[in-house]
Amino acid sequence: MSTKGDHHTVPLSVLLKRESANEKIDSPELVHGQFNQSKKGEDFTFVKTDCQRVMGDGVSTFSVFGLFDGHNGPAAAIYTKENLLNNVLAAIPPDLNRDEWVAALPRAMVAGFVKTDKDFQERARKSGTTVTFVIVEGWVVSVASVGDSRCILEPAEGGVYYLSADHRLEINEEERDRVTASGGEVGRLNTGGGTEIGPLRCWPGGLCLSRSIGDLDVGEYIVPVPYVKQVKLSSAGGRLIISSDGVWDAISAEEALDCCRGLPPEHSAEHIEAVGKKGIRDDTTCIVVDILPSEKLAASVPPPKKQGKGMLKSMFKRKGSDSSSNIEKEYAEPDLVEELFEEGSAMLSERLDTKYPLCNMFKLFMCAVCQVEVKPGEGVSIHAGTANCRKLRPWDGPFLCASCQEKKDAMEGKRGYLLTHT
């Protein structure tokens with residue numbers, strides 16, 4: 001039995017096996033399916049599984065899945081579907097290797113969401129959309145979301161993992177506080193005589209969400225800054241389910257996974273819709289994605305082992321933990337899901353900042369949102385107006401152009417963006 005501080009030597013047979021399997025392990029196979037029940041015609045999807053980019057260490061392929069649940073018309077959903085991916089990719093510096101590119105994604109997703117919202121609002125005042133946007137690169141899954149659609153993950157090892165946030169005012173106290181602090185009012189619909197009905201909404205406008213793309217007519221405190229979650233699956237893979245709120249209002253995550261277990265993705269998406277469609281008057285859309293080891297490509301993810309309530313915690317890697325288990329068993333067991341990144345703040349100064357040196361990862365004199373060139377002395381630091389602004393030097397970025405700084409101030413309730421963009 002090993003004692004604390006002992007270091008195991010990895011058996012040569014294990015090392016050789018790992019090296020011979022590297023090609024297969026690095027590139028999972030993706031199988032997907034989707035199904036839609038349209039009643040209003042405001043749900044749209046984006047699926048692209050053959051995205052390629054040239055990088056310093058070769059050519060990388062990644063896949064993108066997007067769900068856009070529109071309201072007050074389809075304009076915002078259509079515009080976001082057509083432009084969001086390009087805006088996200090434009091915010092990623094060129095010439096990054098694979099690991100750097102993955103690490104840059106969370107920041108780029110924030111910039112892409114805000115730019116898409118800003119550009120759309122210059123074209124239309126009405127219409128808005130929720131967004132759940134998923135990028136799968138190798139075994140890394142990155143999800144950015146605004147609104148109340150949802151993305152869940154069931155790893156092959158079992159358990160349920162939520163990769164998106166719910167920005168409904170009814171259930172999110174932190175968002176209610178942010179909206180009211182920015183100048184909005186939160187309350188239920190008043191039918192007269194003191195009677196209030198329905199979910200909590202922000203006024204004026206009456207939207208029950210605190211984050212979306214579009215909705216300029218509702219208020220600038222409805223922000224497009226997404227919650228971002230990034231995880232790395234083990235080489236055993238897993239299943240993603242991306243669905244609009246109509247599905248999740250009818251069935252739970254566990255019910256959605258259980259009702260389609262053993263079915264291929266295309267049949268799973270339809271079956272989930274069928275189970276949850278009773279009494280639904282809204283559009284409902286479901287996308288199912290299986291992430292599978294290439295040598296074990298199959299029609300569906302095998303049923304996971306039954307797990308206890310502690311599974312959700314145990315499925316994540318614990319760095320530095322000691323183990324007294326048998327060496328062969330230790331190296332035979334698959335890795336567990338690893339959480340790489342999670343952030344949900346609505347403040348751009350927190351979301352567009354980066355721990356990486358600006359000179360290496362991001363262009364200093366480019367607007368961090370719209371990527372236009374900012375001449376020295378003209379850009380406004382993303383930290384301007386924050387508690388740390390007095391400690392800043394003139395070259396401390398990232399920077400925003402004047403238009404994006406105005407947008408940032410409006411989202412924080414500091415300036416009337418609506419008045420200058422009508």
Side-chain angles (χ1 to χ4, degrees), residues 46 51 62-69 80 83-93 96 98-118 129-153 161-168 172 174-175 178 209-213 222-233 238 240-243 287 289 291 316 337-356 361-362 368-371 382 398 404 407-408 411-412:
F46 179 90
C51 302
F62 60 96
S63 300
V64 183
F65 304 89
L67 173 55
F68 315 94
D69 183 356
T80 305
N83 293 277
L84 181 57
L85 176 59
N86 288 337
N87 289 337
V88 170
L89 296 180
I92 302 178
L96 301 182
R98 186 173 186 174
D99 290 341
E100 291 170 339
W101 192 87
V102 168
L105 258 183
R107 184 179 187 271
M109 285 175 143
V110 173
F113 270 62
V114 176
K115 175 173 170 52
T116 302
D117 176 77
K118 180 173 176 288
T129 186
T130 72
V131 181
T132 302
F133 199 66
V134 182
I135 295 180
V136 182
E137 210 286 358
W139 299 104
V140 177
V141 179
S142 304
V143 182
S145 61
V146 292
D148 55 1
S149 295
R150 188 181 301 171
C151 176
I152 63 171
L153 163 69
Y161 191 36
Y162 295 87
L163 301 183
S164 57
D166 194 333
H167 293 124
R168 285 181 291 183
N172 198 319
E174 184 177 351
E175 286 294 281
R178 182 189 62 78
L209 304 173
S210 62
R211 302 195 196 188
S212 69
I213 286 181
I222 306 300
V223 301
V225 183
Y227 168 88
V228 178
K229 187 89 170 181
Q230 189 178 69
V231 298
K232 184 175 183 180
L233 279 66
L240 296 171
I241 297 179
I242 311 162
S243 291
I287 304 172
V289 183
I291 305 173
F316 296 101
V337 175
E338 180 180 3
E339 182 176 339
L340 303 179
F341 182 90
E342 179 181 18
E343 181 57 65
S345 170
M347 304 296 289
L348 283 183
S349 59
E350 298 177 8
R351 304 303 300 279
L352 294 181
D353 196 9
T354 172
K355 65 181 181 180
Y356 299 102
M361 286 289 287
F362 299 99
V369 170
C370 66
Q371 310 306 310
I382 194 72
C404 289
K407 172 70 173 175
K408 171 181 175 289
M411 291 192 299
E412 297 173 1

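This is a predicted model, so every value here is computed, not measured.
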Ignoring hydrogens, what is the shortest heavy-atom contact between Pro224 and Met411? Give both atom names and the distance. CD-SD, 3.3 Å
Of all the heavy-atom pairs spanning Glu350 and Ser345, show the shortest one and how long it is. OE1-OG, 2.7 Å
OG (Ser210) and CD1 (Ile222) are apart, to the nearest 0.5 Å, by 6.5 Å
Side chain to side chain, Val102 and Lys232, heavy atoms closer than 4.5 Å: no
Between Gln230 and Glu137, does the side-chain contact (heavy atoms from CB on, under 4.5 Å) criterion hold? Intermediate values first, please. CA-CA 11 Å; Gln230 189 178 69; Glu137 210 286 358; over 6 Å; no
Inter-residue atom distance Phe68.CZ - Ile213.CD1, 0.5 Å rounding: 8.0 Å
Exercise: identify the closest heavy-atom pair between Leu352 and Arg107: O-NE, 2.7 Å
Got Ile135 and Leu105 here, is their nearest side-chain heavy-atom distance under 4.5 Å? yes
Do Val110 and Glu343 pass the side-chain contact (heavy atoms from CB on, under 4.5 Å) test, and can you show the C-alpha distance, the side-chain angles, and the key distance before you say yes or no? CA-CA 10 Å; Val110 173; Glu343 181 57 65; over 6 Å; no
If we ignore hydrogens and angles and just use 3.5 Å, is the side chain of Asn172 paired with the main-chain N or O of Asp166 as donor and acceptor? yes
Closest non-hydrogen atom pair between Tyr227 and Gly344, with its separation: CD1-CA, 3.8 Å
Could you tell me whether the side chain of Arg178 reaches within less than 4.5 Å of the side chain of Arg211, counting heavy atoms only? yes
For Glu174, look at atom CD and say whether over 12 heavy atoms of other residues, nucleotides or ligands are found less than 6.0 Å away. no
With a 4.5 Å limit on heavy-atom distance, are the side chains of Val134 and Val289 in contact? no
Over all heavy atoms of both residues, which pair between Cys51 and Leu85 is shortest? Give the atoms and the distance, please. SG-CD2, 4.5 Å
For salt bridge (Lys or Arg N to Asp or Glu O under 4.0 Å), just list the numbers for Glu339 and Lys229, CA-CA rounded to whole Å, side-chain angles, deciding distance to a tenth of an Å, and then say yes or no. CA-CA 8 Å; Glu339 182 176 339; Lys229 187 89 170 181; 3.3 Å; yes
Could you grab the distance from atom OG of Ser142 to atom CG of Leu340, nearest 0.5 Å is fine? 7.5 Å
Between Ser63 (side chain only) and Val136 (backbone N and O only), is there a donor and an acceptor less than 3.5 Å apart? no
Decide yes or no for Ser145 and Arg150: does some side-chain heavy atom of the first lie under 4.5 Å from some side-chain heavy atom of the second? no
Would a 4.5 Å heavy-atom cut-off, applied to side chains only, mark Val225 and Val146 as touching? no
What's the verdict on side-chain contact (heavy atoms from CB on, under 4.5 Å) for Val228 and Arg351, showing C-alpha distance, side-chain angles and the deciding distance? CA-CA 10 Å; Val228 178; Arg351 304 303 300 279; 3.4 Å; yes
At what distance, to the nearest 0.5 angstrom, does CG of Leu89 lie from CG of Leu84? 9.0 Å
Would you compute the distance between atom CE of Met109 and atom CD1 of Ile92 and round it to the nearest 0.5 angstrom? 8.5 Å
Any donor-acceptor pair under 3.5 Å linking the side chain of Thr132 with the backbone of Leu67? no
Measure the shortest side-chain to side-chain distance between Phe133 and Val64 over non-hydrogen atoms and say whether it is less than 4.5 angstrom. yes
How far does NZ of Lys118 sit from NZ of Lys408, to the nearest 0.5 angstrom? 14.5 Å
Output, in order, the C-alpha distance, side-chain angles, deciding distance and verdict of side-chain contact (heavy atoms from CB on, under 4.5 Å) for Asn83 and Lys115. CA-CA 10 Å; Asn83 293 277; Lys115 175 173 170 52; over 6 Å; no
Flag side-chain contact, heavy atom, 4.5 Å: Leu153 against Leu233: yes
Nearest heavy-atom neighbours spanning Ala111 and Ala368: CB-O, 3.3 Å
